[in-house]
Amino acid sequence: MSKTFFIETWGCQMNDLDSQRLSGGLKLRGYRRVEDEREASLILLNTCSVREKAEQKVFSRLGELRELKREVGELQIGVCGCLAQQEGERILQRAPWVDFVMGPGNVGYLDEILNGEHRIALQFPDDRRYDYLAVDRGSATKAWVTIIEGCNKNCTFCIVPTTRGREVSRPLDDVLAEVRAAVASGRVEIELLGQTVNAYRCPISGRDFGALLSAVAEIEGVARLRFMTSHPAEVNDSMIAAMRDHSNISRYLHLPVQSGSSRVLRRMKRLYTREKYLETIRRIQEAIPEIHFSTDIIVGFPGETEEDFLETLSLVEQVRYGSLFAFKYSPRPGTPALKIGAAVEDAVATERLTRLFDLHERIKRERLESYRGRVVPVLYEGPSRHDPAMLSGRTDDNWMVNFHGDPATPLGSMLGVRIDQAQHHTLRGEAVA
Ligand code: 5AD
């Protein structure tokens with residue numbers, strides 16, 4: 001029987017990249033990727049466990065796959081990613097039709113797993129076997145590059161330190177080699193990844209994130225450099241200077257604040273106060289006035305009062321984030337927040353979430369409208385998904401733009417686009433000569 005695989009991915013970019021690595025690794029081993037799960041001899045679910053909802057989805061998918069396995073017989077099912085790490089053996093107990101469970105530390109250990117040597121692989125081996133030439137990049141213009149894995153922060157709500165392990169930075173030269181290889185294959189946009197990307201420290205030279213940013217930005221052919229996710233307490237002058245001094249580093253910074261109340265931030269163990277966060281924002285704005293911030297916010301953290309929440313609203317108003325991702329607090333197994341107390345009543349949290357989104361809608365609208373009539377550089381990524389007659393790309397500060405232009409334009413070109421319309425989340429315009 002021919003070896004074919006189907007892979008489904010939930011969660012963050014780190015997981016997306018792990019799926020690209022798994023896919024590349026399987027192709028090297030003679031597997032062919034299929035888009036219809038019924039044609040697969042191997043199905044991988046690459047899972048997320050950051051909130052409970054993500055977890056429930058996986059178990060309902062596993063229920064469906066049980067039926068499929070009954071019908072087709074020869075089918076291997078593997079659960080990968082953060083839920084695999086969190087639940088381990090319990091997944092096999094709850095869903096015994098699963099063949100193996102492997103955590104994020106084992107992406108490089110496919111052979112051992114496919115051989116059936118390990119049905120449960122949850123360790124974080126010292127040698128993470130990162131084969132960057134075998135990544136099945138999802139885009140012709142863009143490459144994700146991991147620079148640091150794991151997280152040493154102990155935010156009380158967060159499961160990530162359990163599921164992704166302690167921080168390990170990759171040697172700087174290794175990162176540069178991967179970026180050069182990606183650029184040589186046409187990926188002119190590089191996005192550096194890490195759970196706390198700006199905590200990076202080269203294990204050999206000790207060079208910090210700012211030094212790495214500069215070194216990557218200076219590689220010939222890197223048209224745009226992005227990174228995700230920064231921790232506010234790890235922002236330093238070297239990082240800000242690197243951003244200021246390299247015009248190919250995106251004018252976009254995702255800086256999760258989680259709450260605008262210092263009282264809540266302390267209970268979350270975020271390692272900064274409201275004032276300190278706003279001071280960091282100010283320093284960055286001073287160096288890079290055109291910066292576009294985005295953020296993550298949790299509403300309904302245990303003990304969050306109406307006053308705390310109003311502080312979150314006022315902070316959002318003050319920073320005027322272009323993008324905002326907000327979630328109701330979701331209790332995660334084994335996290336310290338469980339001992340802090342119960343989540344805020346669901347109806348209250350839902351109502352707060354709505355108010356937050358309403359406020360942000362208005363801010364986002366004003367920001368998007370401010371682009372009307374301007375000509376902005378756009379990195380061309382391919383045909384628009386909504387209207388294949390249009391082209392699509394992103395601005396330097398990370399807004400998606402759909403525009404009229406020459407379809408023969410080579411992918412990865414930087415174009416000037418005149419913006420004539422602001423849509424819900426995106427901009428529309430026309431390429432100019
Ligand atoms: N409940 C709700 N949201 C959470 N996040 C992380 N853990 C939880 C949780 N237990 C959110 C944070 C983080 C984003 C990726 O997910 O806002 O920045």
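When a residue number appears, it is its place in the shown sequence, counting from 1. Predicted, not measured: the structure shown is a model, and the values here were computed from it.
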Are side-chain heavy atoms of Tyr132 and Arg170 found at a separation under 4.5 Å?
yes

Would you call Arg129 and Glu112 a salt bridge, using N to O less than 4.0 angstrom?
yes

For Asp308 and Thr305, test the side chains for any donor-to-acceptor distance below 3.5 angstrom and give the result as yes or no.
yes

Okay, side chain of Trp97, backbone of Glu67: is any donor-acceptor separation there less than 3.5 Å?
no

Side chains of Leu192 and Leu213: does their closest heavy-atom pair fall under 4.5 Å?
yes

Report the distance from atom OG of Ser247 to atom CD1 of Ile288, rounding to the nearest 0.5 Å.
12.0 Å

Atom CG of residue position Asp126 - does it have more than 12 heavy atoms of other residues, nucleotides or ligands inside 6.0 Å?
no

Can Glu220 and Val183 be said to form a side-chain contact (heavy atoms from CB on, under 4.5 Å), step by step?
CA-CA 8 Å; Glu220 179 82 30; Val183 171; over 6 Å; no

Please examine the side chains of Lys142 and Arg394, heavy atoms only from C-beta on, and report whether any two atoms are closer than 4.5 Å.
no

Rounded to the nearest 0.5 Å, what separation is found between the NE2 atom of His292 and the CG atom of Asn398?
7.0 Å

Check the surroundings of atom CZ in Arg38: do more than 12 heavy atoms from other residues, nucleotides or ligands lie under 6.0 Å from it?
no

Stepwise salt bridge (charged side-chain N to carboxylate O under 4.0 Å, His left out) test for Arg263 and Glu307:
CA-CA 10 Å; Arg263 203 180 68 94; Glu307 288 69 43; over 6 Å; no

Are there over 12 heavy-atom neighbours, none belonging to Arg385, within less than 6.0 Å of that residue's CZ?
no

Can you confirm whether Leu356 sits close enough to Leu324 that some side-chain heavy atom of one is under 4.5 Å from a side-chain heavy atom of the other?
yes

Would the distance check show the side chain of Thr196 and the main-chain N or O of His231 forming a donor-acceptor pair, the cut-off being under 3.5 Å?
no

Ignoring hydrogens and geometry, is there a side-chain-to-backbone donor-acceptor pair from Asn106 to Ala121 under 3.5 Å?
yes

Evaluate the side-chain proximity of Phe293 to Val257: yes if any heavy-atom separation is below 4.5 Å, no if none is.
no

Non-hydrogen side-chain atoms of Met228 and Leu193 separated by less than 4.5 Å
yes

Per salt bridge (charged side-chain N to carboxylate O under 4.0 Å, His left out), Glu178 is matched among Arg187, Arg137, Arg21 by Arg137

Hey, what do you get for OG (Ser49) to CH2 (Trp10), rounding to the nearest 0.5 Å?
12.5 Å

What residue among Arg251, Arg244, Arg367 forms salt bridge (charged side-chain N to carboxylate O under 4.0 Å, His left out) with Glu290?
Arg251

Applying salt bridge (charged side-chain N to carboxylate O under 4.0 Å, His left out), run through Arg201 and Glu234 and close with a yes or a no.
CA-CA 11 Å; Arg201 223 160 233 291; Glu234 298 281 353; over 6 Å; no

The test is salt bridge (charged side-chain N to carboxylate O under 4.0 Å, His left out); show your working for Arg282 and Glu286 and say whether it passes.
CA-CA 6 Å; Arg282 197 193 51 73; Glu286 219 168 72; 2.5 Å; yes

Is Ser205 reaching over with its side chain to a backbone N or O of Cys202, donor-acceptor style, under 3.5 angstrom?
no

Can you check side-chain contact (heavy atoms from CB on, under 4.5 Å) on Arg32 and Lys27, steps first, answer last?
CA-CA 6 Å; Arg32 184 168 57 82; Lys27 285 181 177 177; over 6 Å; no

Can you tell me if NZ on Lys276 sees more than 12 non-hydrogen neighbours from other groups inside 6.0 Å?
no

Between CD1 on residue Ile363 and CG on residue Asp358, distance to nearest 0.5 Å
11.0 Å

How many angstroms lie between CD in Gln195 and CZ in Arg164, if you round to the nearest 0.5 Å?
5.5 Å

NZ/Lys269: more than 12 non-hydrogen atoms of other groups inside 6.0 Å
no

How long is the gap from CD on Gln258 to OH on Tyr329, to the nearest 0.5 Å?
12.5 Å

Check whether any side-chain N or O of Thr47 sits under 3.5 Å from a backbone N or O of Leu83 as a donor-acceptor pair, and report yes or no.
yes

Donor-acceptor contact present, side-chain Glu189 to main-chain Gly412, <3.5 Å:
no

Hey, are the side chains of Ser41 and Glu74 touching, using non-hydrogen atoms and a 4.5 Å cut-off?
no

Given 3.5 Å as the limit, does a donor-acceptor pair link the side chain of Asn248 with the main chain of Leu225, or not?
no

State which residue, out of Val235, Leu255, Thr295, fulfils the side-chain contact (heavy atoms from CB on, under 4.5 Å) condition with Ile281.
Leu255

Donor-acceptor check, side chain of Ser413 to backbone of Pro410, threshold 3.5 angstrom: yes or no?
yes

Can you tell which of Tyr252, Phe209, Trp144, Tyr200 makes a ring pair (Phe, Tyr, Trp, His ring centres under 6.0 Å) with Phe227?
Phe209

Under 3.5 Å donor-acceptor, Arg66 side chain and Leu62 backbone:
no

Around atom CD of Glu345, are there more than 12 heavy atoms from other residues, nucleotides or ligands closer than 6.0 Å?
no

Judged by modelled atom types alone, do Arg274 and Ser314 share a side-chain donor-acceptor pair under 3.5 Å?
yes

Tell me which one of Ile249, Asp396, Ile190 satisfies side-chain contact (heavy atoms from CB on, under 4.5 Å) with Arg224.
Asp396

Donor-acceptor check, side chain of Thr141 to backbone of Leu411, threshold 3.5 angstrom: yes or no?
no

Run the salt bridge (charged side-chain N to carboxylate O under 4.0 Å, His left out) test on Arg362 and Glu317 for me, step by step, so that the C-alpha distance in whole Å, both residues' side-chain angles and the decisive distance to 0.1 Å come before the verdict.
CA-CA 10 Å; Arg362 176 172 62 68; Glu317 183 90 64; 3.1 Å; yes

Are any of the side-chain nitrogens in Arg355 or Glu351 under 4.0 Å away from the carboxylate oxygens of its partner?
yes

Mind checking whether Tyr321 and Tyr277 have parallel, tilted or perpendicular rings, split at 30° and 60°?
tilted

Leu68 side chain near Ile77 side chain, heavy-atom distance below 4.5 Å
no

Would you say CZ of Arg94 has more than 12 non-hydrogen atoms from neighbouring residues, nucleotides or ligands within 6.0 angstrom?
no

Charged tip of Arg267 within 45° of Phe301 ring normal and under 6.0 Å
no

